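Have a look at the structure below, then the notes.
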Amino acid sequence: MIIKVNNLVKRYDELIALDHFNLEVREGEIFGLLGPNGSGKTTAINCILSLLKYDKGTIEIYGRPMAPDAYDIKRNIGIIMQNVAVFDELTVYENIDYFCGMYIFDKQRRRELVEEAIEFVELDSFRKFLPKKLSGGLLRRLNIACGIAHRPKLIILDEPTVAVDPQSRRKILEGIRKLNEEGATIVYTSHYMEEVEEICTRIAIMDKGKVIASGTKDELKGMINSGEKLTVEILEFNPNILEGVGSLPSIVSVDYNENNNMLVAKSRRGKNNLSALLEYLRNNQINVGRIYSEPPTLNDVFLEITGKELRDHV
Amino acid sequence: MQVYKALFKVIEKNLPQIIIYLIVFIGVAVGLSNAGGNPADMNFTATKVSIAFINYDKSALAEGLENYLSKNTNMIDIPDDNEKLQDALFFREIEYIIRVPKGFGENLMMGKAVELEKTAIPGSVSEVYLDNIINKYINTANIYISNMEGLSDKQLADFVEKDLEQKAEVRLNRKIEEVSRSQKVGIHFNYMAYSLFAVLILGVSTVMLVFQDKDLKNRNLCSPMTIRSMNTQLILGNLTYAVLAWLIMTLPGFFMFGSFMLTAKGMLFLLNSLIFSLTALSISFLVSILVKGPGAVSAAANVISLGTSFISGSMVPQELLGNTVLTIGSFTPNYWYVKSNNAIAGMADVTLKNIMPIFYNMLIVIGFAIASLAIALVVSKQKRIG
């Protein structure tokens with residue numbers, strides 16, 4: 001186990017930021033910590049990194065207790081924080097060299113690692129640029145390079161794609177996958193469920209300082225009653241259709257959008273839900289246009305467990 | 001030494017602003033030092049007063065007096081017309097009128113009291129000076145008359161003339177020159193207090209603000225570099241910066257005052273300014289913990305450096321400041337630093353007795369450094385806990 005957190009409690013006066021928070025991260029995985037803003041993701045990361053004192057609980061990294069002076073543990077960790085943390089006065093190269101130099105003392109080795117990091121985040125043309133001359137996306141890539149240049153075994157990324165354009169986001173996600181393939185264990189926090197769903201091998205969903213569910217994508221989706229979302233284009237709509245579809249045993253809820261003529265039905269977990277719906281429509285001689293079937297998302301998981309949309313909080 | 005190197009890169013990026021302060025300092029310091037009065041005049045030349053000499057006695061002694069006065073005064077030829085003489089006196093063409101009455105030489109030879117008619121500007125220095133010169137001639141003549149019998153008036157006039165040709169060599173004490181130079185150096189070092197303060201607050205606060213940035217600080221804290229190592233490098237970096245700033249600011253002194261800077265007094269000035277630099281560094285560190293952003297750094301650098309310099313005598317001499325201002329000023333290290341500079345400048349000799357009060361002042365300045373550092377550490381810890 002790379003990270004093991006047991007019953008972590010962190011209070012800010014009356015506010016409980018972490019409420020008996022538990023976490024286990026295994027070697028070689030990309031572990032996603034998903035939750036709406038304010039759910040306690042960053043607080044949890046700061047406690048794990050010993051940047052914040054906590055009131056109760058234990059944190060172990062590589063099987064040893066994590067503490068502010070656990071320098072041997074810190075040597076193997078790379079962090080990429082939510083806010084870009086670089087020196088405005090130093091160039092791209094100097095920034096990466098500075099942070100790499102905190103871990104690697106051999107100059108020749110450091111030079112090689114800095115070059116590799118620059119290449120990895122594709123900032124070669126910008127090596128002599130000051131950070132203020134970089135766009136938001138490039139700045140995020142510099143932030144990542146500063147965190148990974150020393151080739152850490154464990155990389156913690158706290159919302160690294162906030163306010164990043166789609167192209168840079170794509171590069172960042174590809175980079176994370178590549179780092180994982182090269183052997184690094186990744187802890188990735190985000191409130192973007194698509195990103196977490198795309199790259200993470202295991203996921204913990206957080207709300208109000210607690211892990212409310214954890215597992216692989218499929219395990220999480222298997223925890224809920226909802227099945228796929230069925231969307232059918234109906235050009236000649238009448239309210240009886242809603243009533244009829246809603247009465248089908250495999251359907252949990254149904255709605256119709258008059259703007260795009262789409263009927264959206266949420267099915268129960270089970271097989272042949274789409275067939276049952278189509279059969280009903282055919283039997284009632286209702287003409288249909290386009291048909292989509294989408295598997296349940298992490299948002300559905302969050303919705304079913306907490307009763308609220310994950311997106312509502314974004 | 002990552003932190004140490006990064007610190008200087010941060011300072012390097014803020015160098016233009018710091019250089020402006022240095023250029024202003026060097027410009028003003030050179031100007032102030034040269035405006036501190038001309039160097040002490042080390043040559044002596046007797047002054048010559050313009051007089052009118054009207055002689056009604058044709059004796060050898062009267063002619064001898066005229067001859068003697070012509071060597072020690074500027075004789076202006078004005079006819080014996082009362083109105084013309086009064087006009088010349090009024091317009092200061094002459095400052096003294098002397099009339100030698102008939103029988104002057106004869107009366108002098110006979111040992112009688114002689115009277116010369118004089119008109120002078122009342123209470124003037126020239127009146128006293130001329131009275132002295134004339135009395136000197138008559139008194140010398142009287143000495144010969146009293147002690148040598150049978151002298152003719154021609155012989156007497158020759159003896160007196162020969163005696164009065166003897167001149168005393170006047171040499172001014174070198175100490176006067178030294179004190180004058182010391183005062184100039186004192187002005188230079190007094191003004192340095194302002195620039196040192198400004199440059200140190202600007203540099204140290206800018207650097208500390210960068211390293212205290214929450215995100216950067218967190219990233220540094222996640223690294224395996226110990227907090228002790230990070231702090232040591234920061235302290236070492238700031239100390240290097242302070243010493244460099246001090247060295248650069250003392251250099252103009254070496255150019256302007258040359259070998260004086262290598263004398264005991266020059267060394268005292270240097271020691272005093274070095275101690276002040278370290279105190280300014282300590283205060284800058286405290287300021288860096290209290291200020292919130294780059295704008296506040298600039299404001300703090302100006303307000304603190306200018307404010308303390310004005311009330312402590314760095315710019316206006318302490319003798320010209322009121323007691324209340326000086327009392328307030330004594331709560332700043334600048335006051336004691338300037339006091340030491342003034343004491344060094346006014347010292348005729350470097351003796352233990354003379355330098356002890358200066359060392360006490362230096363101790364007070366060091367006290368300010370320790371107090372500021374202690375407050376900075378307490379505030380810093382409080383902030384960290386908070």
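Here the structure is a predicted model, which is why all the values come from computation and not from measurement. So that the names make sense, note that chain A is the first sequence line, chain B the second, and so on, each numbered from 1.
- Every residue two or more places apart in sequence or in another chain was checked for a side chain to side chain donor-acceptor pair (under 3.5 Å) with A:Glu24, and none qualifies.
- Atom CD1 in A:Ile48 sits 5.0 Å away from atom CD1 in A:Ile3 (nearest 0.5 Å).
- Comparing A:Asp69, A:Leu49, A:Ile80, A:Val86 by how many heavy-atom pairs each has under 4.5 Å with chain B, the most go to A:Val86.
- Identified by a heavy-atom distance below 4.5 Å to chain B, the contributing residues of residues 91-106 of chain A are A:Glu94, A:Asp97, A:Tyr98, A:Phe99, A:Gly101, A:Met102, A:Tyr103, in residue-number order.
- Comparing B:Leu216, B:Asp215, B:Asn220 by heavy-atom pairs within less than 4.5 Å of chain A, the highest count is held by B:Leu216.
- When all heavy atoms of A:Ile172 and A:Arg141 are compared, the pair lying nearest together is CG1-CG, 4.4 Å.
- Contact of the A:Glu60 side chain with the A:Met66 side chain is not registered, since no non-hydrogen atoms from C-beta on lie closer than 4.5 Å.
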Requested in this report: Carefully, step by step, assess B:Met249 and B:Val199 under the rule side-chain contact (heavy atoms from CB on, under 4.5 Å).
Outcome: CA-CA 10 Å; B:Met249 289 203 183; B:Val199 164; 3.6 Å; yes
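- Listed by first and then second residue, the ring pair (Phe, Tyr, Trp, His ring centres under 6.0 Å) pairs involving residues 21-68 of chain A amount to none (not counting sequence neighbours).
- The parts of A:Ile79 that come within reach of chain B are both its backbone and its side chain, each placing non-hydrogen atoms under 4.5 angstrom from that chain.
- Remark: the backbone N or O of B:Ile201 is paired with a side-chain donor or acceptor of B:Ser284 at under 3.5 angstrom.
- Cation-pi contact between A:Lys10 and A:Tyr12: present, with separation from the ring centre below 6.0 Å and deviation from the ring axis of at most 45°.
- Taking the six-membered ring for Trp and the full ring otherwise, B:Phe276 and B:Phe197 have centroids separated by under 6.0 Å.
- Contact annotation for B:Asp213: neither backbone nor side-chain heavy atoms come within less than 4.5 Å of a heavy atom of chain A.
- By a heavy-atom distance cut of under 4.5 Å, A:Leu130 are the residues of residues 113-131 of chain A near chain B, going up by number.
- Taking the six-membered ring for Trp, B:Phe368 and B:Phe331 have ring centres at least 6.0 Å apart.
- A centroid separation of less than 6.0 Å is found between the aromatic rings of B:Phe257 and B:His188.
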